[in-house]
There are 2 protein chains.
Amino acid sequence: MNPKNIRIKDIATKAGVSEGTVDRVIHNRGKVSDEAAKKVQLVLDKLKYKPNLIARTLGKNKNYKIAALLPDHSNDDYWKQSYDGIKLGEIQLAQFGINFSVDPFFFDMHSKESYLEASLKLFHSKPDGVLVAPLFSFGSKPFFKKLKEARIPFILINTQLQEVGALSFIGQDLFKSGSLAAELISYGLTKPSTFAILHIDEDLGNSVHLQEKEHGFENFISQQHKQQGHLVKSFVLGSPESETFIPQLREVLTLQNLAGIFISTSKGHIVAQLIKQSSAHIRVIGYDLIRENLTCLQNGTIDFLINQNPMRQAKLGVQTLANQLIFKKVPPPLHLFPLEIITPQNVSTYLSHEGNQSGISI
Amino acid sequence: MNPKNIRIKDIATKAGVSEGTVDRVIHNRGKVSDEAAKKVQLVLDKLKYKPNLIARTLGKNKNYKIAALLPDHSNDDYWKQSYDGIKLGEIQLAQFGINFSVDPFFFDMHSKESYLEASLKLFHSKPDGVLVAPLFSFGSKPFFKKLKEARIPFILINTQLQEVGALSFIGQDLFKSGSLAAELISYGLTKPSTFAILHIDEDLGNSVHLQEKEHGFENFISQQHKQQGHLVKSFVLGSPESETFIPQLREVLTLQNLAGIFISTSKGHIVAQLIKQSSAHIRVIGYDLIRENLTCLQNGTIDFLINQNPMRQAKLGVQTLANQLIFKKVPPPLHLFPLEIITPQNVSTYLSHEGNQSGISI
DNA sequence: AATGTTTCTGTGTGCGCACACACTTGGCCA
DNA sequence: TGGCCAAGTGTGTGCGCACACAGAAACATT
């Protein structure tokens, strides 16, 4: 630190060339003789030149355009938080004088066509970087292929797709997420018990991520509790508005030795009340700090929430794109968030912590 | 965003003065006529001028010197992580071209004299900002008073002291931390049970923070479980090396209906094995992701850990000072970290998450 | 009236980098 | 021999800000 930072100028002097040449070597702009390039590279390595990232942004006066492909959140608190996350990222980058506008492109989360249509629109806006929540894994391959061909870096959040060439995936380990739910739901139980997994208003076939959670849950129960004789049953419930919803739920509640219900999405608040009315001893585990779930946590109808932190995921996505585009920092291909356990006692500490973060940080 | 950012130059033009005058108004350097100052301030407010923080650091070519007062960590993984945190903060700031050296000043965590001595040394090094883990609350007031008089901003981590004039406190809500431990330790229990709180190798009188945890724990048990007839007993155990340590521990283990033991520090690993040997049904809750505790979590001798995240606390401390000194961002007086619950199932997600964070972020 | 003093104001420079531009070579052809 | 091009090289400018310094204006002192 003390022997003041090495600048391009220093490199140029040591290598016996001009700053311009060093610049060309650093940025691979060509138009440098092999001889000079070699000399510069040598000094560069020897002095371990690290560009001053702050100065770099100052000079570069480009307005970066990021596009985000997200589900419409008019009726969904979870995706609302994602949206807030990208906006927060945008604002905080602006504070540092980085021109980084993030344009959202929304799609109907129940319509694949809408998803594809939005992705097309997005592509035509010619963004410098893209953030996607790829809810529809099938059929979106061409979109990613086009992005790759146009050399537009893209980041996936929430749902991981293999081998589509994403710069990075930001989300959680869903298998472990399921295991964690199983661990909590069975904690301290000594009698053989039955647990139900509830998928609400989701097409399980299209939702690889929910299947992952289910597998993780089942795996834990069978591995750790084989000797205990626990049982896991999985249910797909349709839209809460449909007539069959309540009857289906009632059926679940008649299960023998039902000790806990695990709701695989953030929709736990819809059924929590009914479950606890049926029996206060049935444990309920859901996802995410959305408003309705918080209420349930407070009044005791939900025991644990696992926080997926959509806001932080989205914010990090924007920041990662900024780091890539401006600072040329290569992100890890996988950024898995911790599986945060929320209880009535620690929930307030999570709520106050958010937003508290501002300023430079890393 | 689009109507390109407002620069000092723009303000100057609009106000009909020179850039220098605007600069003087912004920085309160005086030497400005009331008339000019008023004009500038008006335009400043109207256009909502926000300085470009990046450009600000570039121009300012000062080497900031931060001093950190920390316990010697040669034998302590917890404080080792704090140290790593300040170093990480330093490195990451350097990446952005910010000259910000952090010098540690260590003290023996069992000796108040050593603490005071180190604080004196620190003061004489004339730092621009200070980070303190004020383990000895009493007697350190004069030190903080001197810092205040010298107008050196200081931040407290880990232990909160009221009314010493700290720029900010970074840590956790210890009362809630105790409540959380109580919630977890009593989760799902139906029979009246006894819980023990263990303070290991600490002078409880000097450790306000451990008392806080204890009160939180007791409060939860008495509030939520009065009807259940639970009981809480608190014990102060001396150094694990002392001859009385094991006998004292054995005495704890003979408690009637002992259902759980809460260790108030990160030293849980010392006793966990012995506890579970005594009875596998006694729940054990400790603190922090230090190596030995991780082993215990994995082999099942510790059920839950509450993560205090000393590394992130320390890193944030450094960043907060940077924000204050360079960007003049005023931090919140209290930055309480979330109370993270660690279990065997989610521990790996916390470990991989750390360090993963680099680049610009907020 | 000339000088000194204080108060205020404008201009200039540099931070480290990116990038545009101008320039120097040497080789090639007419 | 002059002209021309390509390849390689060096210089200059600006990003937005902080700060030093020079300068102008208003006022006080001899």
Side-chain angles (χ1 to χ4, degrees), chain A residues 4-41 44 47 49-64 93-100 325-329 360, chain B residues 4-41 44 47 49-64 93-100 325-329 360:
Chain A
K4 66 175 176 192
N5 292 333
I6 299 118
R7 301 158 299 168
I8 285 191
K9 200 176 177 178
D10 301 323
I11 303 290
T13 313
K14 293 256 182 190
V17 295
S18 76
E19 294 184 44
T21 304
V22 176
D23 177 74
R24 260 157 261 156
V25 173
I26 289 174
H27 293 92
N28 262 321
R29 286 198 230 282
K31 306 191 178 181
V32 180
S33 68
D34 286 358
E35 192 190 0
K38 218 179 291 175
K39 271 194 300 183
V40 171
Q41 195 57 56
L44 235 34
L47 268 61
Y49 170 74
K50 300 255 165 48
N52 180 327
L53 298 183
I54 286 208
R56 174 169 290 179
T57 49
L58 233 207
K60 190 176 285 195
N61 203 22
K62 190 179 149 126
N63 192 332
Y64 290 92
L93 286 171
Q95 281 201 5
F96 280 89
I98 299 173
N99 271 327
F100 219 79
L325 292 170
I326 302 177
F327 301 130
K328 294 183 185 139
K329 284 204 174 191
I360 199 172
Chain B
K4 66 177 176 190
N5 291 334
I6 299 118
R7 302 157 299 169
I8 285 188
K9 200 175 178 178
D10 302 322
I11 303 290
T13 313
K14 293 254 182 192
V17 296
S18 76
E19 295 185 43
T21 303
V22 176
D23 177 72
R24 258 156 281 182
V25 173
I26 289 174
H27 293 91
N28 260 323
R29 285 196 231 284
K31 307 192 176 178
V32 180
S33 67
D34 286 358
E35 192 190 359
K38 219 178 292 174
K39 273 194 299 184
V40 171
Q41 194 59 56
L44 234 35
L47 269 63
Y49 170 75
K50 299 258 165 45
N52 181 326
L53 298 182
I54 287 207
R56 175 170 286 178
T57 48
L58 234 207
K60 192 176 281 192
N61 202 22
K62 189 179 149 132
N63 193 333
Y64 291 91
L93 285 173
Q95 281 201 6
F96 281 88
I98 300 173
N99 272 326
F100 218 79
L325 292 170
I326 302 177
F327 301 129
K328 294 184 183 136
K329 284 206 176 193
I360 199 170

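Note on naming: letters A, B, ... go to the chains in the order of the sequence lines (proteins, then strands), and numbering restarts at 1 for each one. Excluded from the calculations below are hydrogen atoms, water molecules and symmetry mates; all remaining heavy atoms, backbone and side chain alike, are included.
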Over how many whole Å does the gap from [X] atom [atom1] to [N] atom [atom2] extend?
X: Asp23(B); N: dG16(D); atom1: CG; atom2: P; value: 16 Å
X: Leu58(A); N: dG16(C); atom1: CG; atom2: P; value: 12 Å
X: Asn28(A); N: dC19(C); atom1: CG; atom2: C1'; value: 16 Å
X: Ile11(A); N: dG10(D); atom1: CD1; atom2: C1'; value: 17 Å
X: Glu19(A); N: dT11(D); atom1: CD; atom2: P; value: 9 Å
X: Lys50(A); N: dC17(C); atom1: NZ; atom2: P; value: 13 Å
X: Arg29(A); N: dA20(C); atom1: CZ; atom2: P; value: 8 Å
X: Ile54(B); N: dG14(C); atom1: CD1; atom2: C1'; value: 18 Å

Q) Would you say Val32(A) and Val17(A) make side-chain contact, with heavy atoms under 4.5 Å? A) no
When you measure from the side chain of [X], which nucleotide among [options] comes out closest?
X: Ser18(B); options: dC17(C), dG10(D), dT9(C); value: dT9(C)
X: Arg56(B); options: dC8(C), dA18(D), dC17(C); value: dA18(D)
X: Asn52(A); options: dC17(C), dC8(C), dG10(C); value: dC17(C)
X: Arg7(B); options: dG8(D), dG10(C), dG16(D); value: dG16(D)
X: Ser33(B); options: dA18(D), dC8(C), dT9(D); value: dC8(C)
X: Ile8(B); options: dG10(C), dG10(D), dA18(D); value: dA18(D)

Indicate whether OP1 or OP2 belonging to [N] is found under 4.0 Å from a side-chain N or O atom of [X].
X: Tyr49(A); N: dC17(C); value: yes
X: His27(A); N: dA18(C); value: yes
X: Thr57(B); N: dC17(D); value: no
X: Thr21(B); N: dC8(C); value: no

Rounding to the nearest 10°, end axes of the helix from dA1(C)-dT30(D) to dA30(C)-dT1(D) built from five pairs each make an angle of 80°
[X] to [Y] - nearest heavy-atom pair and separation:
X: Ala36(A); Y: Thr21(A); result: CB-CG2, 4.3 Å
X: Ile26(A); Y: Leu44(A); result: CG1-CD2, 4.0 Å
X: Ile6(B); Y: Ile11(B); result: CG2-CD1, 3.6 Å

What donor-acceptor contacts under 3.5 angstrom involve side-chain atoms of residues 50-59 of chain A, with partners at least two apart or in another chain?
| unit_1 | atom_1 | unit_2 | atom_2 | d |
| --- | --- | --- | --- | --- |
| Asn52(A) | OD1 | Ile54(A) | N | 2.9 |
| Asn52(A) | OD1 | Ala55(A) | N | 3.1 |
| Thr57(A) | OG1 | Ile54(A) | O | 2.7 |

Q: Walk me through it: do Tyr49(A) and Val22(A) pass the test side chain to side chain contact (heavy atoms under 4.5 Å, CB included)?
A: CA-CA 11 Å; Tyr49(A) 170 74; Val22(A) 176; over 6 Å; no
Give me the ring orientation class for Phe96(A) and Phe327(B): parallel if the planes are under 30° apart, tilted from 30 to 60°, perpendicular past 60°. perpendicular
Walking DNA chain C from its 5' end, the first of Ala55(B) and Arg24(A) to be reached, judged by nearest nucleotide, is Ala55(B)
Considering residues, nucleotides and ligands other than Lys328(B), do more than 12 of their heavy atoms fall under 6.0 Å from its NZ?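 Yes, because the 6.0 Å sphere around NZ of Lys328(B) holds more than 12 heavy atoms from other groups.
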